[in-house]
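As a basis for the values below, the full set of heavy atoms in this structure was taken, side chains included, without hydrogen atoms, waters or symmetry mates.
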Amino acid sequence: MLVKALPRRLLLGPGPSNVHPRVLAALAQPLVGHMDPVFLAILDDVQAALRRLFGTRNPLTLPLSATGSAGMEACLVNLVEAGDRVLVGVAGVFGERMCEVAKRAGAEVHRVDTQPGCALDPDAMRDAIQRVRPKVVSFVHAETSTGVLQPVDEIVRAAREVEAFVVLDCVTSLGGVPVELDAWGIDAAYSGTQKCLSCPPGLSPASFSERAVACARERKTPVQSWFLDINLLSRYVGNERVYHHTAPISAIYGLAEGLRLIEAEGMEVRVQRHRVAAAALIEGMAELGFEPLVDAAVRLPSLTTLRLPAAVTRADEAQLRARLLEKYKIEVGGGLGPLAGQIWRIGLMGENARITNVEALLMALRQLLA
Ligand SMILES: *Cc1c(COP(=O)(O)O)cnc(C)c1O
């Protein structure tokens, strides 16, 4: 298939989301070198904008050169040495992935699980934190596999009591719901560009507290990953400008433009836009027999999970999604892990969180289900 002949899709799945034309235009700008002062100024701007968006003053706030999973890996491998205890709150597939990443980094992994579609129980987390006394407590803010927005306050407080580092996955929250790393007391957090930031996939904005940076500096053993070692990365994104790996220059142009669009809109307006779009989606889908999986109190606006109507079987649902894509050029997501075949995951992320998109989806589904 020729790249020029690609169809235009409305991407209402769990990511990627559609990209603003101004971001696409930024991606097409001429290359300059990764040590060129012009590029370094753009990188500085991106770091400053990311600090504002993450709600942090952390000097080490940067776009990592890989997808959200690399952000997860970076946060864990820099803080964890072999034998360290890590406690993971598992509320879905991405919490599960954290366990796997921590285990491979040599951690002794402990976990607190919850039912699919539920938030982590802060009391269960507190009990486990007190019992395990972990070095790191890690969990997901916006669990894209279930559509839960996890309250963070109580878990962070419990982690602080034992002086544990807190790692937070903000992949589907950053740019869609408020994120306040410093106010919450988060030590390491990461996101991904293709969800609520509405940029192409390929970068993972991440931020490390001074305490996390010191922890990585004072390790007894080198960070397991050379590529994601913040001791090395900070020498390029900081003042020294020492070459580590070639920055993904074009992708960073795109992110710079995406962040500019977010600031021009303002986070308050943007957060409200996500709420309004999700509410309209839930209301319209209810008329078609789709019911929300998650309690209203912990529902994630940027990603809505819906139980299928009784008339739609497991086999039907995959076909229905295929026809939605083929005939109406709309992508939605199926269930992941234990929820496969039982739910749909509909993303209204970043640029896509608009009533017009909700209406387009509802119109298509009304026709397909008629
Ligand atoms: C998408 C996602 C990831 C992984 O990001 P990739 O860009 O696919 O590597 C991690 N955590 C959450 C919550 C996600 O939604």
Side-chain angles (χ1 to χ4, degrees), residues 1 5-21 92-93 115-118 142-149 172 176-177 194-196 198 201 270 272-370:
M1 162 123 16
L6 289 177
R8 278 181 187 273
R9 308 282 203 213
L10 177 56
L11 300 173
L12 303 185
S17 61
N18 290 95
V19 173
H20 194 284
V93 168
Q115 294 300 315
C118 297
E143 185 41 89
T144 321
S145 64
T146 65
V148 169
L149 180 62
T172 300
V177 301
Q194 77 274 30
K195 308 225 176 159
C196 299
S198 288
R270 194 175 175 91
Q272 185 59 15
R273 180 159 64 71
H274 279 79
R275 286 202 193 110
V276 168
L281 175 71
I282 288 169
E283 196 183 312
M285 292 298 280
E287 283 169 24
L288 295 169
F290 291 77
E291 289 297 328
L293 172 75
V294 176
D295 277 353
V298 289
R299 227 176 258 162
L300 174 64
S302 45
L303 191 283
T304 298
T305 46
L306 298 160
R307 289 187 191 281
L308 304 171
V312 178
T313 66
R314 212 184 161 106
D316 290 345
E317 76 82 22
Q319 216 201 0
L320 196 56
R321 281 189 288 122
R323 292 182 59 205
L324 202 52
L325 185 66
E326 201 182 307
K327 189 155 176 227
Y328 297 91
K329 316 276 181 256
I330 300 176
E331 180 177 272
V332 299
L336 205 56
L339 293 167
Q342 297 180 32
I343 61 163
W344 273 9
R345 295 182 298 148
I346 302 179
L348 291 167
M349 299 181 182
E351 279 304 313
N352 284 353
R354 299 184 193 279
I355 300 286
T356 48
N357 293 334
V358 173
E359 282 168 354
L361 174 64
L362 292 174
M363 196 120 75
L365 280 175
R366 278 188 207 114
Q367 290 180 12
L368 284 174
L369 290 168

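Smallest separation of non-hydrogen atoms from L293 and G117: CD2-CA, 3.9 Å. A353 and A277 make their closest contact through C-CB, 3.7 Å (heavy atoms, listed as atom of the first residue, atom of the second, distance). In terms of heavy-atom proximity, L11 sits nearest to N18 at N-OD1, 2.8 Å. Considering all non-hydrogen atoms of both residues, G350 and R273 come closest at O-NH1, 2.8 Å. Scanning all heavy atoms of the two residues, the minimum distance from G147 to V294 falls at O-CG2, 3.8 Å. Closest approach of I330 and A364 over heavy atoms only: CD1-CB, 4.2 Å.
Within the 4.5 Å cutoff, the side chain of R321 has heavy atoms near those of the W344 side chain. Proximity of V177 to P301: side-chain heavy atoms (C-beta onward) are separated by under 4.5 Å at one or more points. Taking 4.5 Å as the limit, every side-chain heavy atom of P116 sits out of range of all side-chain heavy atoms of Q342.
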Quiz prompt | side-chain contact (heavy atoms from CB on, under 4.5 Å) between L10 and K329, worked out | solution = CA-CA 6 Å; L10 177 56; K329 316 276 181 256; over 6 Å; no
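One finds the OG1 atom of T146 at 8.0 Å from the CG atom of L300 (value rounded to the nearest 0.5 Å). Annotation: the span from R299 atom CZ to L149 atom CG amounts to 12.0 Å, rounded to 0.5 Å. Rounding to the nearest 0.5 Å gives a distance of 10.0 Å between CG of L281 and CZ of F290. The line from OG of S302 to CD1 of I346 is 13.0 Å long, rounded to the nearest 0.5 Å. The CZ atom of R345 sits 12.0 Å away from atom OG1 of T304, with the distance rounded to the nearest 0.5 Å. Taken from OG1 in T356 to CG in L361, the straight-line distance is 11.5 Å, to the nearest 0.5 Å.
Other residues, nucleotides and ligands place more than 12 heavy atoms under 6.0 Å from the CZ atom of R9. The environment of D295 atom CG is sparse: at most 12 non-hydrogen atoms of other residues, nucleotides or ligands sit within 6.0 angstrom.
The salt bridge (Lys or Arg N to Asp or Glu O under 4.0 Å) contacts involving residues 279-293 comprise nothing, where partners must be two or more places apart or lie in separate chains.
Here R307 pairs with nothing under the side-chain hydrogen bond (donor to acceptor under 3.5 Å, both in side chains) rule; sequence neighbours left out. Applying the side-chain hydrogen bond (donor to acceptor under 3.5 Å, both in side chains) test to T172 and every residue at least two apart in sequence or in another chain returns T144.
Counting only N and O atoms by type, the side chains of S17 and S198 include a donor and acceptor under 3.5 Å apart.
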